[in-house]
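Here the structure is laid out as structure tokens; the discussion comes afterwards.
Ligands are counted one by one from 1 in listed order, and the atoms in each one are counted from 1 as well. Counting begins at 1 with the first residue of the sequence.
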Amino acid sequence: MGIVENLNSLRQSIGNANVKIVAVSKTHPAEMIKIVYEADQRLFGENKVQEMVSKYEQLKDLDIKWHLIGHLQTNKVKYIISFVDMIHSVDSLKLLKEINRLAEKGSLVINCLLQFYIAKEETKFGLDYSEAEEILNSNEFKEMKNVRICGVMGMASFSDNMELVRNEFRELKQIFDKLKQNHFSHSEAFCELSMGMSSDWKIAVEEGSTIIRVGSNIFGNRIYT
Ligand SMILES: *Cc1c(COP(=O)(O)O)cnc(C)c1O
């Protein structure tokens, strides 16, 4: 199947569920993004700053909403601040402060998700609940006017054990609910749960995902060079 067929079949499987697709285009060239864009896809996800900047520049004329889904180093925020639509990977106060500082300079408000560590794998990034509370309770956070916290993001374990994966998504949903209740009960913006990839998006949607980040199911397997 071609990539547009892949996308349409994904859309069909999602059906009426209120779930947005971020098409994860990492490693794939701008021409492939364009093909998917022409099938009315607007949200695209990249995990590396340099790659996202390069594709943004190649595709400037298109009305693409760029989502940064990979780990973001504080010193690289400056490269994406002017065009990024959402940062899924906020995992420290230091990073959030830099996003806010540069957003203020550019008179922007940047959509952010707090990334949580839910997998049983050392290699993944993210906060735990108490670290998130510490950020949200800090005076520094309370004074920030140029970041909009829209919800949470997490990656489940890379595993065939679907019960494990389901439990991790469930844990993230509980974190989302608790944060909503304790910190964002008056925030309409805090409504997004970014979880689920090619191998596990169905489970994620069953567990309440509102944004799935799908790469290989749309673009095919990635070839890393
Ligand atoms: C690569 C990536 C995805 C998409 O992975 P697929 O398995 O190809 O769908 C989703 N989220 C993040 C953070 C990624 O880095």
Side-chain angles (χ1 to χ4, degrees), residues 1-14 19-29 32-33 35-36 41-55 64-73 76 80 84-92 95 111-127 150-162 164-166 168-169 171-173 175-176 192-225:
M1 270 205 304
I3 54 183
V4 169
E5 286 92 337
N6 290 343
L7 175 64
N8 284 332
S9 115
L10 176 64
R11 285 170 172 157
Q12 227 161 34
S13 320
I14 293 172
V19 176
K20 294 184 270 285
I21 301 169
V22 170
V24 177
S25 45
K26 64 190 185 200
T27 76
H28 300 294
M32 273 170 94
I33 297 179
I35 293 170
V36 174
Q41 176 66 25
R42 290 295 175 269
L43 309 183
F44 287 86
E46 290 284 338
N47 69 334
K48 293 204 169 83
V49 165
Q50 211 181 351
E51 192 174 341
M52 190 166 90
V53 170
S54 151
K55 287 175 187 171
I64 289 179
K65 294 192 189 318
W66 291 103
H67 285 219
L68 198 276
I69 60 173
H71 184 62
L72 178 56
Q73 286 173 278
K76 292 197 175 161
I80 61 167
V84 71
D85 182 65
M86 183 176 273
I87 298 172
H88 288 229
S89 45
V90 174
D91 60 359
S92 72
L95 176 59
N111 297 318
C112 294
L113 302 177
L114 298 175
Q115 181 173 358
F116 283 85
Y117 178 84
I118 52 171
K120 310 286 169 283
E121 285 164 30
E122 298 285 325
T123 53
K124 302 229 160 90
F125 292 96
L127 302 161
C150 298
V152 303
M153 180 272 223
M155 288 171 89
S157 295
F158 185 71
S159 167
D160 292 334
N161 180 347
M162 286 304 152
L164 173 70
V165 168
R166 186 181 295 281
E168 291 171 356
F169 287 147
E171 187 185 328
L172 188 60
K173 172 70 161 78
I175 289 170
F176 172 87
E192 305 290 7
L193 197 43
S194 167
M195 60 184 195
M197 318 183 1
S198 290
S199 59
D200 55 19
W201 69 264
K202 276 191 186 153
I203 299 172
V205 168
E206 284 166 12
E207 298 303 329
S209 174
T210 66
I211 302 178
I212 57 174
R213 308 176 310 270
V214 178
S216 17
N217 277 8
I218 297 171
F219 293 98
N221 290 335
R222 284 180 290 276
I223 297 162
Y224 291 94
T225 49

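Ligand 1 lies out of reach of N217, whose nearest heavy atom is not under 4.0 Å from it. Residue R222 places a heavy atom under 4.0 Å from ligand 1.
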Ignoring hydrogens and angles, write down the donor-acceptor pairs under 3.5 Å from the side chains of residues 152-160, residues two or more places apart or on other chains.
residue	atom	partner	partner atom	Å
S157	OG	K120	N	3.0
S157	OG	E168	OE1	3.2
S157	OG	E168	OE2	2.7
S159	OG	N161	N	2.9

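Within ligand 1, the atoms closer than 4.0 Å to a non-hydrogen atom of V214 are 9 (O), numbered from 1 in the order shown. Set against the non-hydrogen atoms of G215, the atoms of ligand 1 under 4.0 Å away are 4 (C), 6 (P), 8 (O), 9 (O).
Other residues, nucleotides and ligands contribute over 12 non-hydrogen atoms within 6.0 Å of the CD atom of E5.
With hydrogens left out, the protein atom closest to atom 9 (O) of ligand 1 is S198 OG, 2.5 Å, a heavy atom. Scanning the protein for heavy atoms near atom 13 (C) of ligand 1, the closest one is I69 O, 3.5 Å.
Defined by atom type and a distance below 3.5 Å, a donor-acceptor pair is present between the side-chain atoms of E192 and T210.
Ring orientation note: the planes of F219 and F44 are tilted relative to one another, at an angle of 30° to 60°.
A donor-acceptor pair is defined here as one N or O able to donate and one able to accept, closer than 3.5 Å; such a pair exists between the side chain of K55 and the backbone of S25.
With atom 14 (C) of ligand 1 as the reference point, the heavy atom nearest to it among R213, M197, K26 is part of K26.
A salt bridge (charged side-chain N to carboxylate O under 4.0 Å, His left out) check over residues 193-206, counting only residues at least two apart or in different chains, returns the pairs R166-E206.
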